[in-house]
Amino acid sequence: MASIKTLSFIAILVFFTVAQVVVSSDPDILTDYVLPPNTTATDVNYFTYTGMRSLVNATYPANFTVVKASLNEFPGLLGQSVSCAILEFPAGSVNPLHIHPRATELLFVLQGSLQVGFVDTTNKLFNQSLQTGDIFVFPKGLVHFQYNSNSTGSALAVSAFGSASAGTQSIANSVFNSTIFEGILAESFNTSTDIIERIESGLKG
Ligand SMILES: *[C@@H]1O[C@H](CO)[C@@H](O)[C@H](O)[C@H]1NC(C)=O
Ligand SMILES: *[C@@H]1O[C@H](CO)[C@@H](O)[C@H](O)[C@H]1NC(C)=O
Ligand SMILES: *[C@@H]1O[C@H](CO)[C@@H](O)[C@H](O)[C@H]1NC(C)=O
Ligand SMILES: *[C@@H]1O[C@H](CO)[C@@H](O)[C@H](O)[C@H]1NC(C)=O
Ligand SMILES: *[C@@H]1O[C@H](CO)[C@@H](O)[C@H](O)[C@H]1NC(C)=O
Ligand SMILES: *[C@@H]1O[C@H](CO)[C@@H](O)[C@H](O)[C@H]1NC(C)=O
Ligand SMILES: *[C@@H]1O[C@H](CO)[C@@H](O)[C@H](O)[C@H]1NC(C)=O
């Protein structure tokens, strides 16, 4: 089984350095770094996140899995305008349609291959087949997806974000799993409330 031990850590370091230069977008801070309000002093551990160690040599998950290192998990990112995530795609799995409202995403395929795409504000689809070693940029705030179409092989990617807190808004959940009045959904999608209810019930599981 594939695992994260195949990562090239040097490649990742370079990747994040580039990501920071290219896609920074959080407000600039006026100090070298920012400490949370409950903290007065810090040491090097504040700038270190070890949560990804659990992925090393771990068995591959059965379903698509994201492991994030964003402000929520890693307080040392406060004010630094970057974050990252490891994306694990078992054979045939999808990272469903979603948006990052506060950041551009720079995705690097470390293992396997991915079909990816985003839709711009004119509804034009930009889709691509990525191989191991390829990098793709998803512009900030646009609807996008990633799909491992290989039915036998897994894929692994690392994504860098130009915000310490990129945010993720699932299209399916924000539209069909957020208690928006069904009549409004039926009008919005030019369909019947029966169809809307069928979609909603699939998401409620
Ligand atoms: C300070 O607050 C942050 C975020 O609420 C929390 O993660 C951290 O553990 C706290 N640190 C201390 C020293 O209490
Ligand atoms: C991961 O597995 C390799 C051998 O396959 C081993 O050398 C290494 O120490 C392991 N790493 C961890 C963190 O368990
Ligand atoms: C994987 O997804 C399937 C189908 O959605 C679900 O039934 C199953 O519980 C999930 N497995 C894990 C380990 O989350
Ligand atoms: C892009 O999507 C179209 C329509 O779904 C598909 O026919 C085409 O093969 C895809 N192209 C790539 C490069 O994945
Ligand atoms: C699918 O994955 C398998 C196992 O990693 C690999 O041998 C094969 O070349 C992949 N197929 C394609 C079309 O990339
Ligand atoms: C809604 O669908 C009907 C057919 O079911 C079609 O005639 C009509 O043009 C559609 N309206 C819009 C706004 O797409
Ligand atoms: C839909 O929303 C419910 C309640 O918030 C949540 O438990 C469920 O996981 C959501 N469905 C999906 C597919 O995420």
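Indexing begins at 1, ligand by ligand and atom by atom, following the structure's order. Residues take their numbers from the sequence shown, with the count starting at 1.
Between Phe189 and Phe176, the ring center distance clears the sub-6.0 Å criterion. For Phe136 and Phe138, the ring centers sit closer than 6.0 Å to each other. Ring pair Tyr46/Tyr33: centre-to-centre distance not below 6.0 Å.
Within ligand 5, counting atoms from 1 as listed, the ones closer than 4.0 Å to a heavy atom of Thr152 are 1 (C), 2 (O), 3 (C).
The immediate protein surroundings of ligand 4, defined as residues with any heavy atom under 4.0 Å of it, consist of Gln115, Asn127, Gln128, Ser129.
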Only distances under 3.5 Å count here; give the side-chain donor-acceptor pairs of residues 48-55 to other protein atoms, sequence neighbours excluded, each with its distance to 0.1 Å.
unit_1, atom_1, unit_2, atom_2, d
Thr48, OG1, Val44, O, 2.9
Ser54, OG, Gly51, O, 3.1

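With Thr168 as the fixed residue, the side-chain hydrogen bond (donor to acceptor under 3.5 Å, both in side chains) test singles out one of Glu105, His98, Arg102, His100: His100.
Using modelled atom types and a 3.5 Å distance limit, the side chains of Asp26 and Ser163 yield a donor-acceptor pair.
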His144 vs Val116, side-chain contact (heavy atoms from CB on, under 4.5 Å): CA-CA, chis, key distance, verdict: CA-CA 8 Å; His144 64 279; Val116 302; over 6 Å; no
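In terms of N/O distances under 3.5 Å, ligand 5 is not approached by Ser113.
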